[in-house]
Amino acid sequence: MGLRICFVTPFAWSQPHEVNAHVAGAAEGLRQLGHEVSVLAPSTRAKDLLDGRRALQRGTDEPVLAVGPSVPISRRTHLGVPVGVRANLRLALARGRYDVVHGAEPGIPSLSYLALTTTDTLTAATFFSPQRLGYPPSRARRDRFRARVDALLATTPEVAAAAAERFDGDYVVIPRGVDTALFRPGVKRRLVAIELEPGGRAVTRAVFRFLASTSDWELALVHTKPLGFRPSIPRALRGRARVSRIRKPADRASLLAETAILVCATAGEERLALEAQSAGVAVVAARGRAAEEVAAEISSLVSDERALAALAEAGRREAERESFKRLAAELDAIYRRLARKRRDRKPVDATEPLADREWIVVDLHMHTDWSHDCSIGVEGLLDHAERIGLGGIAVTDHNVFGGARKAVELATGRDLLVIPGEEVKTDGQGEVIGLFLREEIPRGMSFANTIAAIRDQGGLVYIPHPFDRMHAIPDPATLHRHVAEIDVLEVFNARLLRESFNDEALRFARKYRLLQGAGSDAHVLQGVGTGAVRMRRFDGPEEFLLSLRTAEILRRPKSLAYLQSLKWVAQVKEKVR
């Protein structure tokens, strides 16, 4: 079954751009695979903006939807996306009901970055150039961006390495995309094309000198962007040289089909070189090389037709590996892997085994005096929990299991359910709570090994305060890597300084359809029950998970300053003793 996919590009769709060419080719390839694909983009054309406004008003699907005017963007700009454009983008994303939102070049302040950080669906991000990496500036905002992006893609290994320095994660290098049917070899002429740029005049002059010594080779000076200078052609070459502006794909395809050699500019357009390879052109790179060295290579190719043909054939094979067809196939596989990470949302059956059980309130995260930073006695905790009407608690002391074991023993004969657990500190990747444990799990293991140790005991993996930057938490890459192994994600922790941390956890849980938990994280009796879930009474981990499917998150927060001061007072008294 096809997916509904939305590409978002920050560059004006009305103007030629290499990123837009990638997006357009990928979108068409995915449509051929049976997916519904839309593109959201800015535009400089009044008609595009009018059509986009009407489409949003009617709520109709369009292959390309202009959501606002194009604004100058770069990694150094501080210009925000206009309010009206933000509103149009949110409306388009909400009405589209997309399965995947894919942002192009989000390392700059733009529509792509905004779409990836506001949508609630699965997301992918593709980076194209290291020069467009620099946003957002703050670490907190980069972490938020990384937490909300599910697949990180790059068009080259070099771009992936540069992007990973800002946004840590597992990158997939995807094809750059080229239309191998449009850019195909034609009847070659003795024609050398040079990609013009202001800083490449030394190379151009060196090629001029070489071609002036020949009589049967022609020259094309080409550019894909407006030039700030007028190229001067030597008198000896004026009958054999011309200047060509090749911004449109059809113009480039026509020229490259008959070109034998292309000299790429140092800071030229990578897509032009790829299209030339697809058209069977021998590509000579000028980047990092002396002008005379480039001219010498051209001289060698001109004098050796076999070497020229071999270089052209090797380029054609490389272009085949970078085709839009292969790009679409790889994106299709990536999207489907993402979709499989989401849990199946099974309808709740009114006749399910727990339907006749009573409803109880359960606090899934709290501590006793077995934790180094808590002074609550186990028996006092049980008495207090019953007194305030809790039907169950999870005792999750820091890196020790004795408090949980004692609580289970003392709860014998009571109506209060006690879930034995432990909040385990991993080796630099935050904390993981194991529920329904039988014995202590040592601290300091890796995130993966800690989860494995919980599983070995038949326990459940509960991730506490996953986005609270005031606590030790797993980085976003680790969380994404292990999302399939999470049984319950804590979406409300009553001791967090900022409610936005809980909101981020709720967003993550909803995206992947994870079971949601809540706890007080109490270190003093007054905090017990300030975060909890209302759920059907259960017996054992299997029924616990089943009951959580219909549970309700209860938020009963008290002043964090008040609770924290009580904790500090208790710790001081303990030291005095």
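Since the model is a prediction, treat every value here as computed from it, not as a measurement. We use all heavy atoms of the structure for the numbers below, so side chains are in, but hydrogens, waters and symmetry mates are not. Start at 1 with the first residue, then count along the sequence.
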Do you know which of [options] makes side chain to side chain contact (heavy atoms under 4.5 Å, CB included) with [X]?
X	options	result
Asn502	Asp468, Val491, Asn493	Asn493
Val488	Ile433, Ile463, Leu545	Leu545
Phe128	Glu270, Arg176, His22, Arg271	His22
Leu40	Val67, Leu111, Val101, Asn88	Val67
Arg340	Arg336, Arg343, Arg342	Arg336

Can you see which heavy atom on [X] is nearest to which on [Y], and at what distance?
X	Y	answer
Asp99	Thr121	O-OG1, 2.9 Å
Ala41	Trp13	CB-CB, 3.9 Å
Ala160	Val173	CB-CG2, 4.3 Å
Thr126	Pro106	O-CD, 3.5 Å
Asp363	Gly529	OD2-N, 2.9 Å
Tyr171	Ala154	CD2-CB, 4.5 Å

Side chains of [X] and [Y] in contact at under 4.5 Å (non-hydrogen atoms):
X	Y	result
Val85	Pro69	yes
Val483	Asp150	no
Pro249	Leu182	yes
Leu479	Ile486	yes
Leu546	Phe538	no
Leu489	Tyr512	no

Looking only at side-chain N and O atoms, does [Y] offer a donor or acceptor that is under 3.5 Å from a partner on [X]?
X	Y	value
Ser14	Thr44	yes
Thr478	Asp475	yes
Ser278	Arg316	yes
Tyr135	Arg166	no

Is a side-chain N or O of [X] found less than 3.5 angstrom from the main chain of [Y], in a donor-acceptor match?
X	Y	answer
Thr117	Leu114	yes
Arg31	Val37	yes
Arg146	Val149	yes
Lys511	Thr123	no
Asp487	Tyr462	no
Glu431	Pro464	no
Thr224	Ile246	no
Ser112	Ala104	yes
Glu105	Ser129	yes
His465	Ile473	no

Rounded to the nearest 0.5 Å, what's the gap from [atom1] on [X] to [atom2] on [Y]? Could you check?
X	Y	atom1	atom2	value
Cys6	Asp61	SG	CG	10.0 Å
His35	Asp332	NE2	CG	3.5 Å
Phe183	Leu272	CZ	CG	8.5 Å

Is the distance between the ring centroids of Phe492 and His365 less than 6.0 Å?
no
Run the salt bridge (charged side-chain N to carboxylate O under 4.0 Å, His left out) check on Lys47 and Asp51 step by step: do they pass?
CA-CA 6 Å; Lys47 183 180 182 302; Asp51 291 343; 2.8 Å; yes
Would the number of heavy atoms belonging to other residues, nucleotides or ligands and lying under 6.0 Å from [atom1] of [X] be above 12?
X	atom1	answer
Arg54	CZ	no
Arg4	CZ	yes
Arg139	CZ	no
Arg245	CZ	no

Original post:
Is the closest basic N to carboxylate O distance between Asp503 and Arg507 below 4.0 Å?
Top reply: no
Salt bridge between Arg148 and Glu504, side-chain N to carboxylate O under 4.0 Å?
yes
With under 30° as parallel and over 60° as perpendicular, where do the rings of Tyr335 and His102 fit, or are they tilted in between? perpendicular
task = Determine, step by step, whether Glu485 and Val461 satisfy the side chain to side chain contact (heavy atoms under 4.5 Å, CB included) criterion, reporting the C-alpha distance in whole Å, the side-chain angles of both residues, the deciding distance to 0.1 Å, and the verdict.
result = CA-CA 7 Å; Glu485 300 167 275; Val461 177; 5.7 Å; no
